[in-house]
Engineer: 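Just passing along the structure, written as structure tokens.
Owing to the predicted nature of the structure, the values given are computational and were not obtained by experimental measurement. All ligand and atom numbering here is 1-based and tracks the order in the structure. Atom set for the values below is all heavy atoms of this structure, side chains included, hydrogens, waters and symmetry mates excluded.
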Amino acid sequence: MHDNRVLILDFGSQFTQLIARRVREAGVYSEIHPFNVDPERVKAFKPSALILSGGPSSVLEAGCPDLDMQYLEMGVPVLGICYGMQMLAHKLGGKVVSSTDREYGRAQFSAQNDCVLFDGVKDSADLTVWMSHGDRVEGLPEGFLPMGKTSTITFGAMGNPERKIYALQFHPEVAHTADGSLIIQNFLFKVAGLKPTWSMASFVDTCIADLKKQVGDAKVVLGLSGGIDSTVAAVLLHRAIGKNLHCIFVDNGLLRMGEKEEVIGFLAEHFDLNVKFVDAAAEFLNDLKGVEDPEKKRKIIGHKFIEVFDREAKAIEGVRFLGQGTLYPDVIESESFKGPSAVIKSHHNVGGLPEKMNLKLVEPLRELFKDEVRRAAYELGLPEHIIWRQPFPGPGLSIRIIGEVTEERLGVLRLADRIVQNEMVASDWYRKVWQGFAVLLPLKTVGVMGDDRTYENVIALRIVDSLDAMTADWSRLPSELLARMSNRIINEVKGVNRVVLDISSKPPSTIEWE
Ligand code: XMP
């Protein structure tokens, strides 16, 4: 259990996850729950402070997402943001008016009444803030002071220092608001008096203790892919239950060169993990024979994986749990408030397996964001080459070979890709980009080598910068590095006589070619 805990009630803003990020970056544990969460869960969570998120609705509309007054009666400090501010004003007897114009974008804000939220903020008399609202507060509830204004809004912030309830019309959680993180920290530390106790060291300790309690003497089966999420999940589980963790590594024949040895072999050896290697390459490649359609390839690989995993897991006697590296954004995705028409997405990575195998899920990372997983990996003593591995898709090299996947094509791509990886590492670019890899285009073009004419395949280099893979841009690598990759691939990889560079961004292109 974390003693300093912030509950973020989600009213549907696209920025709610960012609030949680900022709070955790400040060293305070936070969780997002929908505004209509079961009050029993809130009681069990025992929040030390409450943050009300923004949202697209109007508090003046019938049926709008409502704040349950019992949360204000808990007596914990409250920060309302945007819709959260309007909700507080509305509920506590202030006046909210609607407007036909939405104010969207940067605004200049001036703090008032020595509001503690703006302690240490540079230019608090002329602060650049980010606004996104229609309604606004026109009359303050009793006991509240105006805490700031802009040229268009009289009450850009309000506060009741006695009750420790504050509210901001703008969004401190977005990067466009200057000193926004400091404003949130002032709420956490100066208003709510919290301590920054959320650290990866404390997470690792409590997580291991919780896993011991949850799993007891039972056996857990987990699919290791070599990616950072399943690796960290495995190491945490191993610390908690030792040899009762059974990891299964499926070689689907679509892996890069050295994949198995670099990660899984390393884990088995240095972390003493119980890993079963399953060579299913022939089965996968057989099912993929003659298949050219990218979606068909994905489906075939997904089904085969479940089949192989199910078979191997059943061979281990007494398994009661399935371990998964589910992350917090997936959990929010399936629990958050997204409006009445929202479809709830299942976050199970291995869709259908737990029900099919009658297993309970154990998800040690379900509280963590991606960068926190990397910090946990450091804490657990995993080496840098594992922590900083670039993401690699589940369907592996199959979606980097355009058209049919064959042994021969896999061999060519593996060699070319190895050169790309080596050169990225040697030039110190590997960690600066999101992903960098080779794609095999099995179309023939003419070349010349020595005195001979060649007629061979093309390799495309796909190297991109990205923050979250939702958008990406091609990396501006030095031309000498690109030249080295190209020369080496053409000289060292038989079957390739041309290298091209992909200079498309996402959108409209995607990162992978299929
Ligand atoms: P795209 O190609 O959609 O890729 O721009 C975004 C990110 O997701 C990875 N990716 C996948 N990962 N199974 C996975 O596990 C898949 O089918 C898959 N397709 C793409 C891709 O490598 C990139 O990081």
Engineer: Considering the heavy atoms of R298, write down every atom of ligand 1 situated less than 4.0 Å from one of them.
Structural biologist: 16 (C), 17 (O), 18 (C), 19 (N), 20 (C)
Engineer: Measuring centre to centre across the rings, with the benzene-like ring taken for any Trp, is W388 within less than 6.0 Å of Y430?
Structural biologist: no
Engineer: Below 4.5 Å, heavy atoms only, C-beta onward: do L9 and I32 meet side chain to side chain?
Structural biologist: no
Engineer: Which protein heavy atom lies closest to atom 23 (C) of ligand 1, and at what distance to 0.1 Å?
Structural biologist: Q435 OE1, 3.4 Å
Engineer: Going by the order shown, which atoms of ligand 1 are within less than 4.0 Å of some heavy atom of P395?
Structural biologist: 13 (N), 16 (C), 17 (O)
Engineer: Any sub-3.5 Å donor-acceptor pair from Q421's side-chain atoms to G436's backbone N or O?
Structural biologist: yes
Engineer: Nearest non-hydrogen contact with atom 21 (C) of ligand 1 belongs to which option: K297, R400, E512, Q390?
Structural biologist: E512
Engineer: Out of R462, R298, K297, which residue meets the salt bridge (Lys or Arg N to Asp or Glu O under 4.0 Å) rule with E514?
Structural biologist: K297
Engineer: Kindly give the heavy-atom pair with the smallest separation between E307 and E283, and that separation in Å.
Structural biologist: OE2-OE1, 4.2 Å
Engineer: Using 30° and 60° as the class limits, which term best fits the ring planes of F369 and Y328: parallel, tilted or perpendicular?
Structural biologist: perpendicular
Engineer: For residues Y104 and H133, establish whether the separation of their ring centroids is below 6.0 Å.
Structural biologist: no
Engineer: Closest non-hydrogen protein atom to atom 7 (C) of ligand 1, residue and atom name please, with distance?
Structural biologist: A469 CB, 3.8 Å
Engineer: Under 4.0 Å from any heavy atom of W434, which atoms of ligand 1 are there?
Structural biologist: 24 (O)
Engineer: Which heavy atom of the protein is the closest neighbour of atom 15 (O) of ligand 1, given with residue, atom name and distance?
Structural biologist: G394 N, 3.0 Å
Engineer: At what distance is the nearest protein heavy atom to atom 10 (N) of ligand 1, and which residue and atom is it?
Structural biologist: P393 CB, 3.9 Å
Engineer: For K506, take its heavy atoms, then give the atoms of ligand 1 lying under 4.0 Å from any of them.
Structural biologist: 1 (P), 3 (O), 5 (O), 6 (C)
Engineer: Identify the closest protein heavy atom to atom 4 (O) of ligand 1: which residue and atom is it, and at what distance?
Structural biologist: I511 CB, 4.0 Å
